[in-house]
Novice: 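One structure follows; several queries about it will come next.
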Amino acid sequence: MKRFHISLSVADFGASVADYSKRLGTAPCVIQDGRYALWCTDILNFSISCQPGQMPGMVRHIGFEDDKEVTFREEKDVNGFVWEYFSFSAQREEIREKFPQAKTVD
C-alpha cells in the first residue's frame, strides 16, 4: 500500500485533533496529548505537531508511506520541501523515538 503523507504544525492541538478527526472521519491512530497525532486512511497518512518554537500553520514535510520502503529516508525538492519516504514500521519507530509517550490506538 502507498499513502500520501503530509505533516502540519498547529497552534491549538485539541481543536486541531477534533477538526481533523471530523474532516477525515476517523480518530487518530497514534496520539501524544498536546504534541503529536497521526491519522491513517486508505489514501492518506496525515500528522500534526504542536511544539514550542514551531511556527503553526505550516507544512512540516510531505512524502509517502510505502510498503516497498525498507528504511526511513528524506530529501528536499527544488522548493525546499522535505519529502519523507518510509514503511509503516519505520514510521512507527521514528514516532517512538521522537514521541516516547505517544499512544497507539488500533
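Everything numeric here is computed off the predicted structure, so don't read it as measured data.
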Novice: Under the criterion side chain to side chain contact (heavy atoms under 4.5 Å, CB included), I'd like the reasoning laid out for His61 against Trp83: C-alpha separation, chi angles, the key distance, then a yes or no.
Specialist: CA-CA 6 Å; His61 52 265; Trp83 285 74; over 6 Å; no

Novice: Tyr20 and Val105: same hydrophobic cluster, using ILVMFWY side-chain contacts below 4.5 Å?
Specialist: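 Each belongs to a different hydrophobic cluster.
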
Novice: Taking C-beta and beyond as the side chain, do Asn45 and Cys40 meet within less than 4.5 Å on heavy atoms?
Specialist: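 Yes; the side chains approach each other to less than 4.5 Å.
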
Novice: Would you say Gln54's side chain and Ser49's backbone share a donor-acceptor pair under 3.5 angstrom?
Specialist: yes

Novice: Under the side chain to side chain contact (heavy atoms under 4.5 Å, CB included) rule, what do Ile31 and Phe99 come out as? Steps first, then yes or no, please.
Specialist: CA-CA 9 Å; Ile31 192 163; Phe99 304 99; over 6 Å; no

Novice: May I ask you to list the residues sharing a hydrophobic cluster with Val82, side-chain cutoff 4.5 Å, ordered by chain and number?
Specialist: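 Answer for Val82: none, a lone residue.
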
Novice: According to the side chain to side chain donor-acceptor pair (under 3.5 Å) rule, which pairs have a member within residues 29-40, sequence neighbours left out?
Specialist: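 Only Ser21-Trp39, Arg35-Gln51 qualify under side chain to side chain donor-acceptor pair (under 3.5 Å).
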
Novice: Start with the C-alpha distance between Phe86 and Glu65, add both sets of side-chain angles, then the distance that settles side chain to side chain contact (heavy atoms under 4.5 Å, CB included), and finish with yes or no.
Specialist: CA-CA 5 Å; Phe86 50 83; Glu65 173 193 337; 3.4 Å; yes

Novice: Quick one: do Phe46 and Val59 end up in the same hydrophobic cluster if we chain Ile, Leu, Val, Met, Phe, Trp and Tyr together by side-chain heavy atoms under 4.5 Å apart?
Specialist: yes

Novice: Looking at side-chain heavy atoms only, is the closest gap between Ile48 and Val17 below 4.5 Å?
Specialist: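 Yes, side chains in contact.
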
Novice: Would a 4.5 Å heavy-atom cut-off, applied to side chains only, mark Pro28 and Leu38 as touching?
Specialist: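 With C-beta onward as the side chain, the pair stays apart.
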
Novice: So, Asp12 side chain and Ala15 main chain: donor-acceptor pair closer than 3.5 Å or not?
Specialist: yes

Novice: Give the intermediate values and the outcome of side chain to side chain contact (heavy atoms under 4.5 Å, CB included) for residues Lys76 and Phe81.
Specialist: CA-CA 5 Å; Lys76 284 189 178 179; Phe81 286 105; over 6 Å; no

Novice: Do any N or O atoms from the side chain of Thr104 and from the backbone of Val30 form a donor-acceptor pair under 3.5 angstrom?
Specialist: no

Novice: Within the supplied structure, the quantity of interest is the number of heavy atoms (other residues, nucleotides, ligands) at a distance under 6.0 Å from Phe4 CZ; does it exceed 12?
Specialist: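 Correct, the count exceeds 12.
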
Novice: Say whether Ile6 and Tyr85 are linked into one hydrophobic cluster, either directly or through other cluster members, by side-chain heavy-atom distances under 4.5 angstrom.
Specialist: yes

Novice: Answer yes or no: is there a donor N or O on one side and an acceptor on the other, between the side chain of His5 and the main chain of Ile62, under 3.5 Å?
Specialist: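 Judged by distance alone, no pair lies under 3.5 Å.
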
Novice: With rounding to the nearest 0.5 angstrom, report the CD to CZ distance, Glu84 to Phe64.
Specialist: 12.5 Å

Novice: Taking side-chain hydrogen bond (donor to acceptor under 3.5 Å, both in side chains) as the criterion, tell me which of Gln91, Lys98, Arg96, Arg92 meets it with Glu94.
Specialist: Lys98

Novice: Is Arg3 close to Ile43 at the side-chain level, that is, under 4.5 Å between some pair of heavy atoms?
Specialist: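 A side-chain contact under 4.5 Å is absent here.
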
Novice: Test your reading of the model: is there a side-chain donor-acceptor pair from Asp67 to the backbone of Met1, 3.5 Å cut-off?
Specialist: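 Between the backbone of Met1 and the side chain of Asp67 there is a qualifying donor-acceptor contact (under 3.5 Å).
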
